[in-house]
Participant: 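Here it is: the structure, laid out below.
Proteins come first, then strands; the chains are lettered A, B, ... in the order of their sequence lines, and each starts at number 1. All values below come from the heavy atoms of this structure, side chains included, with hydrogens, waters and symmetry mates left out.
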Amino acid sequence: MCGRYSFAALAEEVENRFHIKIDGSTWKVRYNCAPTQELAVITNEEPGKISYLRWGLIPSWAKDAAIGNKLINARSESAAEKPAFKNSISSRRCLVLSNGFYEWKKVGKIKIPMFITLKEHPLFAMAGIWDRWSAPGDINIETFSILTMKPNEIMSTIHNRMPVILSPSIERKWLETSDPEMQKKLCISPNSSAMQMHQVSTLVNSPATDHPDLIRPVGGEQASLF
DNA sequence: CCAGACGTTGTT
DNA sequence: GTCTGG
DNA sequence: CCAGACGTTGTT
DNA sequence: GTCTGG
């Protein structure tokens, strides 16, 4: 699964990497992107810029926004058939921008946060879908969900799902294709050999923290010295 | 027909 | 235990 | 994902 | 909105 990630980069790097224009005055580096927050994505509707959408998809027909708390992920294998996701995947897709994501590895009763990155790509995009919900009072809320898939070998050592990470060459296609078969073909896992992970501090557990230290490697043994 | 759900993950 | 909020 | 709350009435 | 269950 993917329930927390980082998007730490310079605005200029993001502009060059994703071929977009950024208003630098609003740029924020983020190390602890969490559900319900407004986070940076590129939508099919406005692919030339960053849009800030709330993480946790609220379907357009929802009566209660609370459903969004549960819909932070969508299974890539079945999203096209699910009432909550089918409209979104067919007409509203997005790129969820990241430099790495967190997964908690269970060891007995304790959970150890790990940070996963791509060796060759300091920045990448996860496959996302989004929707627009009219809140009472004529306010539109735009929300998104991150697609998941079966883990590759390295990810299976800590979890039984992983986010869909798009290779740079198919990012544009993900935004453009409404064909379900094509979409499934785009959801390919990067090779284990292209990924790396390391243990990080449990400071990341609290969504209120946001600091470069969150993605810094820590040693399991070292931590216990203090 | 109407009512009610609509989801994922992980754990058992 | 389960839901909400970040 | 994890952390933190989980309730009501009436009064300030 | 659309599907499932009764």
Participant: If you take all heavy atoms of P35(A) and W55(A), which pair is closest and at what distance?
Facilitator: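 Heavy-atom minimum between the residues: N-CE3, 3.3 Å.
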
Participant: Side chain of I67(A), heavy atoms from C-beta onward: which of dT8(B), dA3(D), dC6(B) has the nearest atom to it?
Facilitator: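 The listed nucleotide nearest to I67(A)'s side chain is dC6(B).
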
Participant: Please indicate whether E38(A) has more than 12 foreign heavy atoms, meaning atoms of other residues, nucleotides or ligands, lying under 6.0 Å from its CD.
Facilitator: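 Yes.
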
Participant: Measure NZ/K70(A) against P/dC3(C) and give the value in whole Å, please.
Facilitator: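 Result: 7 Å.
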
Participant: Rounded to whole angstrom, note down the C1' distance from dT2(C) over to dT9(B).
Facilitator: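 Their C1' atoms lie roughly 15 Å apart.
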
Participant: So what does S60(A) touch, heavy atoms closer than 4.0 Å: a base, only the sugar-phosphate, or nothing?
Facilitator: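 Since no nucleic acid heavy atom lies under 4.0 Å of S60(A), the category is nothing.
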
Participant: Rounded off to whole Å, could you give me the NZ-to-P distance for the K105(A) and dT9(B) pair?
Facilitator: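 K105(A) atom NZ is separated from dT9(B) atom P by 20 Å.
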
Participant: Does a nitrogen or oxygen in the side chain of R161(A) sit under 4.0 Å from OP1 or OP2 of dT9(B)?
Facilitator: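 Yes, because at least one side-chain N or O of R161(A) sits under 4.0 Å from OP1 or OP2 of dT9(B).
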
Participant: Starting at atom CG of L39(A), determine the distance to atom C1' of dC1(D), rounded to an integer number of angstrom.
Facilitator: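 For the pair L39(A) CG and dC1(D) C1', the rounded distance is 13 Å.
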
Participant: By centroid distance (under 5.5 Å) and plane angle (under 30°), are W61(A) and dC6(B) in a stacked arrangement?
Facilitator: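 The base of dC6(B) is stacked with W61(A) (centres under 5.5 Å, planes under 30°).
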
Participant: For Y5(A), which contact category applies under a 4.0 Å heavy-atom criterion: base, sugar-phosphate, or nothing?
Facilitator: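 Y5(A): no heavy atom of the nucleic acid under 4.0 Å.
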
Participant: Can you measure D64(A) atom CG to dC3(C) atom C1' for me and round it to whole angstrom units?
Facilitator: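 Between C1' of dC3(C) and CG of D64(A): 12 Å.
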
Participant: Could you give the CD1-to-P distance, from I110(A) to dA3(D), as a whole number of Å?
Facilitator: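 These atoms are roughly 13 Å apart.
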
Participant: Give a yes/no answer on whether the side chain of K86(A) brings an N or O atom under 4.0 Å of OP1 or OP2 in dC3(E).
Facilitator: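 Checking K86(A) against dC3(E): at least one side-chain N or O falls below 4.0 Å of OP1 or OP2.
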
Participant: Using atom P in both nucleotides, what's the gap between dC6(B) and dT4(C) to the nearest angstrom?
Facilitator: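 Taking atom P in both dC6(B) and dT4(C), they lie 15 Å apart.
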
Participant: Hydrophobic clusters here meaning ILVMFWY residues chained together by side-chain heavy-atom distances under 4.5 Å, can you tell me if I188(A) and F101(A) are in one?
Facilitator: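 Not linked; separate clusters.
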
Participant: How would you label the contact of A84(A) with the nucleic acid (heavy atoms, under 4.0 Å): base, sugar-phosphate, or nothing?
Facilitator: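 Sugar-phosphate contact only.
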
Participant: Contact class for L57(A) vs. all strands (heavy atom < 4.0 Å): base, sugar-phosphate, or nothing?
Facilitator: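 No contact at all - L57(A) keeps every heavy atom at 4.0 Å or more from the nucleic acid.
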
Participant: Go through the steps to decide whether W27(A) and V14(A) satisfy the test side chain to side chain contact (heavy atoms under 4.5 Å, CB included), and finish with yes or no.
Facilitator: CA-CA 10 Å; W27(A) 186 244; V14(A) 177; 3.7 Å; yes

Participant: In whole Å, measure the gap between the C1' atoms of dG7(B) and dC1(D) for me.
Facilitator: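 Their C1' atoms lie roughly 15 Å apart.
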
Participant: Find the distance K82(A):NZ to dT9(B):P and express it as a whole number of Å.
Facilitator: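 Checked: the NZ to P distance equals 11 Å.
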
Participant: Given that both distances must come in under 3.5 Å, which nucleotide forms a Watson-Crick or G-U wobble pair with dA5(B)?
Facilitator: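 For dA5(B), the partner nucleotide comes out as dT2(E), under the 3.5 Å rule.
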
Participant: Taking the side chain from N73(A) and the backbone from I146(A), do they hold a donor-acceptor pair closer than 3.5 Å?
Facilitator: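 Yes.
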
Participant: Of all the choices, dT4(C), dG7(B), dT9(B), which nucleotide is nearest to the side chain of P83(A) once you look at every atom?
Facilitator: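 So the nucleotide nearest the side chain must be dG7(B).
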
Participant: How many whole angstroms separate atom CG of N87(A) from atom C1' of dC3(E)?
Facilitator: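 Rounding to the nearest Å, CG of N87(A) and C1' of dC3(E) are 12 Å apart.
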
Participant: Measure CD/E77(A) against C1'/dG7(B) and give the value in whole Å, please.
Facilitator: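 One finds 14 Å between C1' of dG7(B) and CD of E77(A), rounded.
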
Participant: Using a cut-off of less than 4.0 Å, is there contact between a side-chain N or O of R4(A) and OP1 or OP2 of dG6(C)?
Facilitator: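 Indeed not, no polar side-chain atom of R4(A) lies that close.
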
Participant: Taking the minimum atom-to-atom distance to the side chain of I72(A), which one of dT8(B), dC1(D), dG5(C) wins?
Facilitator: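 My answer, after comparing the listed nucleotides, is dC1(D).
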
Participant: Using a cut-off of strictly less than 4.0 Å, decide whether K111(A) has a side-chain nitrogen or oxygen near OP1 or OP2 of dC2(D).
Facilitator: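 Answer yes for this pair, as a side-chain N or O of K111(A) is under 4.0 Å from OP1 or OP2.
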
Participant: In plain terms, say whether E142(A) and R92(A) are close enough for a salt bridge, that is, a side-chain N and a carboxylate O under 4.0 Å apart.
Facilitator: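 Judged by the 4.0 Å cut-off on N to carboxylate O distance, E142(A) and R92(A) do not form a salt bridge.
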
Participant: Tell me whether the side-chain N/O atoms of T148(A) come closer than 4.0 Å to OP1 or OP2 in dT9(B).
Facilitator: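 Checking T148(A) against dT9(B): at least one side-chain N or O falls below 4.0 Å of OP1 or OP2.
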
Participant: By nearest atom, which of the nucleotides dT4(C), dT8(B), dG5(C) is closest to the A66(A) side chain?
Facilitator: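 The answer is dT4(C).
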
